[in-house]
Q: 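Okay, here's the structure, questions in a sec.
A quick note: this is a predicted structure, and the numbers were derived from the prediction, not measured.
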Amino acid sequence: MPSRPDTDDPRLGDLSEGEILKAILSRTAQATHTIIGPGDDAAVIATPSGTVVATTDTLVHGPDFRLAWSSGFDLGWKAAAVNLADVAAMGARPTALLVALAVPRDLRLSFVESLADGFREACAALAPGCAVVGGDLTVSDVLTVAVTALGDLEGRAAVTRSGARPGDSVAVAGELGLAAHGLAVLFGRFRDGETPIPVDPALLAEGERQAVAAQLRPSPPIGLGPFAAVAGANAMMDVSDGLALDARRMAAASGVTIALDGSALGDDSVRALAGGEDHALLAAFPPGVVPAGFRVIGEVRPPGEQPLLCDDAPVDVSGWDPYRDWDSAAG
């Protein structure tokens with residue numbers, strides 16, 4: 001989005017709440033199942049199947065994104081994508097997003113307009129028919145984006161993480177470790193001391209450019225969530241905190257051992273296991289029914305001493321834990 005002169009791009013602290021909301025809502029789209037959209041006390045969304053899947057996720061400046069690296073569009077896209085992935089992981093089709101913004105007074109109007117554009121375009125690309133239908137706006141010293149996503153199961157039972165059975169194939173749709181690579185590039189290449197600096201695309205090799213894009217604008221395989229449910233997935237979940245941690249969660253919930261094949265994890269199996277924010281879909285399918293778009297990376301075994309194995313050995317890497325891993329001085 002081209003920059004605007006400051007005279008045409010006021011600080012949010014110089015505008016009323018109504019003026020800011022008008023700028024945001026003029027950039028949203030109409031969701032397919034919206035009966036009453038933005039402008040009333042609450043939205044009204046049709047639920048054709050009679051069931052609603054709901055999830056929420058919060059992105060906070062510092063632990064979850066850095067303004068030096070993420071544009072408003074990037075942030076809106078990512079905030080939509082990570083919530084859409086959670087809905088898809090239940091086997092549901094996303095229908096609507098509710099967005100609560102806590103924004104600093106000195107942020108420019110163009111930033112929140114770009115944020116709204118990112119939400120709109122992510123929904124259009126990843127979950128057509130889904131859109132922002134309402135939310136909340138307040139002021140804060142720390143930019144925070146909280147999203148609630150709704151989805152429709154279309155008459156199906158939800159696919160949970162607790163249904164994996166011995167003999168199932170373990171499969172994944174989407175990338176593993178690419179977003180972690182992108183984060184490593186950002187922290188390793190685009191800081192001045194401990195201060196983040198804007199990304200210069202000219203300094204990135206093609207693989208690095210793809211990795212940074214996977215971190216800043218993830219594109220989870222949203223449509224494959226309902227597709228996997230129809231195909232007969234016994235268990236499924238969003239890989240947001242790293243394959244090792246999330247596969248352990250599925251194994252614990254299902255009371256099984258998950259055995260991964262290291263050769264199926266790509267050239268960097270450690271990064272595939274430990275990396276976070278991939279938002280791939282991890283699923284367990286009965287033998288012989290793994291659908292297109294998923295690739296087999298292991299199998300489900302009866303419960304053993306270890307909930308997770310890779311090449312028949314215990315996995316000694318974990319995933320992302322913000323309380324353990326975030327260093328506020330790390331940029």
Q: With a 4.0 Å cut-off on N to O distance, would you call Arg93 and Asp152 a salt bridge?
A: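 No salt bridge links Arg93 with Asp152.
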
Q: With rounding to the nearest 0.5 Å, note down the distance linking OG in Ser240 to CG in Asp246.
A: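 Going from OG on Ser240 over to CG on Asp246, the span is 5.0 Å.
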
Q: Show the numbers, then the answer: is there a side chain to side chain contact (heavy atoms under 4.5 Å, CB included) between Val185 and Val212?
A: CA-CA 7 Å; Val185 171; Val212 169; 3.9 Å; yes

Q: Just wondering, more than 12 heavy atoms not from Asp192 lying within 6.0 Å of its CG?
A: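 Count not over threshold, so no.
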
Q: Nearest 0.5 angstrom please: Met90 CE to Thr160 OG1, how far?
A: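 Reported value, rounded in 0.5 Å steps: 6.5 Å.
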
Q: With a 4.5 Å heavy-atom cut-off, do Leu101 and Leu115 have their side chains touching?
A: yes

Q: Taking CG in Asp311 as the centre, count heavy atoms belonging to other residues, nucleotides or ligands within less than 6.0 Å. Is the count above 12?
A: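 Atom CG in Asp311 is packed in, count exceeds 12.
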
Q: Compile the donor-acceptor pairs under 3.5 Å between side chains in residues 214-226 and protein atoms, sequence neighbours left out, one pair per line.
A:
residue: Gln215; atom: OE1; partner: Lys78; partner atom: NZ; Å: 2.8
residue: Gln215; atom: NE2; partner: Ala179; partner atom: O; Å: 3.0
residue: Gln215; atom: NE2; partner: Glu277; partner atom: OE1; Å: 3.1
residue: Arg217; atom: NE; partner: Asp74; partner atom: OD1; Å: 2.3
residue: Arg217; atom: NH2; partner: Asp74; partner atom: OD1; Å: 3.1

Q: Does CD belonging to Glu305 count more than 12 external heavy atoms closer than 6.0 Å?
A: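 No, because the 6.0 Å sphere around CD of Glu305 holds 12 heavy atoms or fewer from other groups.
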
Q: Does the Glu208 side chain pair with the main chain of Ala205, one donor and one acceptor, at a distance under 3.5 Å?
A: yes

Q: Applying the 4.5 Å side-chain criterion to the ILVMFWY set and letting contacts propagate, would Met236 and Leu126 be lumped into a single cluster?
A: no

Q: List the atom of Val290, the atom of Ser169, and the distance in Å for their closest heavy-atom pair.
A: CG2-CB, 3.9 Å

Q: Should the heavy atoms of other residues, nucleotides or ligands under 6.0 Å from CG of Asp267 be counted, would the total exceed 12?
A: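 Not more than 12 within 6.0 Å, no.
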
Q: Quick test of your reading of the model: are Glu19 and Lys22 salt-bridged, counting only N-O distances below 4.0 Å?
A: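 Salt bridge absent between Glu19 and Lys22.
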
Q: How long is the span from the NE2 atom in His181 to the CG atom in Leu176, to the nearest 0.5 Å?
A: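 One gets 15.0 Å once the value is rounded to the nearest 0.5 Å.
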
Q: More than 12 non-hydrogen atoms from neighbouring residues, nucleotides or ligands closer than 6.0 Å to CZ on Arg165, yes or no?
A: no

Q: Can you check whether Val296 reaches Val172 side chain to side chain, under 4.5 Å on heavy atoms?
A: no

Q: Determine the minimum heavy-atom distance between Val99 and Val147, stating which atoms define it.
A: CG2-CG2, 4.3 Å

Q: What pair of heavy atoms forms the shortest contact from Arg66 to Gly62, and how long is it?
A: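 Nearest heavy atoms, Arg66 then Gly62: NE-O, 2.6 Å.
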
Q: Rounded to the nearest 0.5 Å, what separation is found between the CD1 atom of Ile24 and the CG atom of Asp117?
A: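 The CD1 atom of Ile24 sits 10.5 Å away from the CG atom of Asp117.
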
Q: Report yes if the side chains of Val133 and Leu98 come closer than 4.5 Å at any heavy-atom pair, otherwise no.
A: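 Val133 reaches Leu98 side chain to side chain.
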
Q: Determine which pairs satisfy ring pair (Phe, Tyr, Trp, His ring centres under 6.0 Å) with at least one residue from residues 71-91, sequence neighbours left out, and list them in order.
A: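 Applying ring pair (Phe, Tyr, Trp, His ring centres under 6.0 Å) to every pair that reaches into residues 71-91, excluding sequence neighbours, yields nothing.
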
Q: Using a 4.5 Å cut-off on heavy atoms from C-beta on, say whether the side chain of Arg249 contacts that of Met237.
A: yes

Q: Would you list the pairs meeting ring pair (Phe, Tyr, Trp, His ring centres under 6.0 Å) in which at least one residue belongs to residues 276-298, sequence neighbours left out?
A: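 Listed once each, the pairs are Phe285-Phe294.
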
Q: Taking it one step at a time, do Cys130 and Leu97 satisfy side chain to side chain contact (heavy atoms under 4.5 Å, CB included)?
A: CA-CA 7 Å; Cys130 180; Leu97 300 179; 4.0 Å; yes

Q: With side chains defined as the heavy atoms from C-beta onward, is the minimum distance between Ile258 and Leu260 less than 4.5 Å?
A: yes

Q: Return the CG to OG1 distance between Asp64 and Thr144, rounded to the nearest 0.5 Å.
A: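 Between Asp64 CG and Thr144 OG1, I get 9.0 Å after rounding to 0.5 Å.
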
Q: Could you walk me through whether Arg27 and Glu113 satisfy the side chain to side chain contact (heavy atoms under 4.5 Å, CB included) test, starting with their C-alpha distance in whole Å, then the side-chain angles of each, then the deciding distance to 0.1 Å, before giving a yes or no?
A: CA-CA 7 Å; Arg27 311 176 96 83; Glu113 290 177 332; 3.5 Å; yes

Q: So that I can tick it off, tell me whether Arg301 and Asp168 are bridged by a salt bridge, with the cut-off set at under 4.0 angstrom between side-chain N and carboxylate O.
A: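 No, this pair does not count.
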
Q: Check whether any side-chain heavy atom of Leu265 lies under 4.5 Å from a side-chain heavy atom of Ile297, and answer yes or no.
A: yes

Q: Do Asp200 and Phe190 come within less than 4.5 Å of each other through their side chains, counting heavy atoms only?
A: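 Contact flag for Asp200/Phe190 side chains = yes.
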
Q: Would you say Phe119 ends up clustered with Leu84 if hydrophobic residues are merged whenever their side chains have heavy atoms under 4.5 Å apart, either directly or through other cluster members?
A: yes

Q: Apply side chain to side chain contact (heavy atoms under 4.5 Å, CB included) to residues Val112 and Leu12 and explain how you reach the verdict.
A: CA-CA 9 Å; Val112 293; Leu12 299 185; 4.0 Å; yes

Q: Give the cluster check for Phe227 versus Val239: same hydrophobic cluster or not, with ILVMFWY residues linked at side-chain heavy-atom distances below 4.5 Å.
A: no

Q: Can you tell if the side chain of Leu75 reaches within under 4.5 Å of the side chain of Leu59, non-hydrogen atoms only?
A: yes

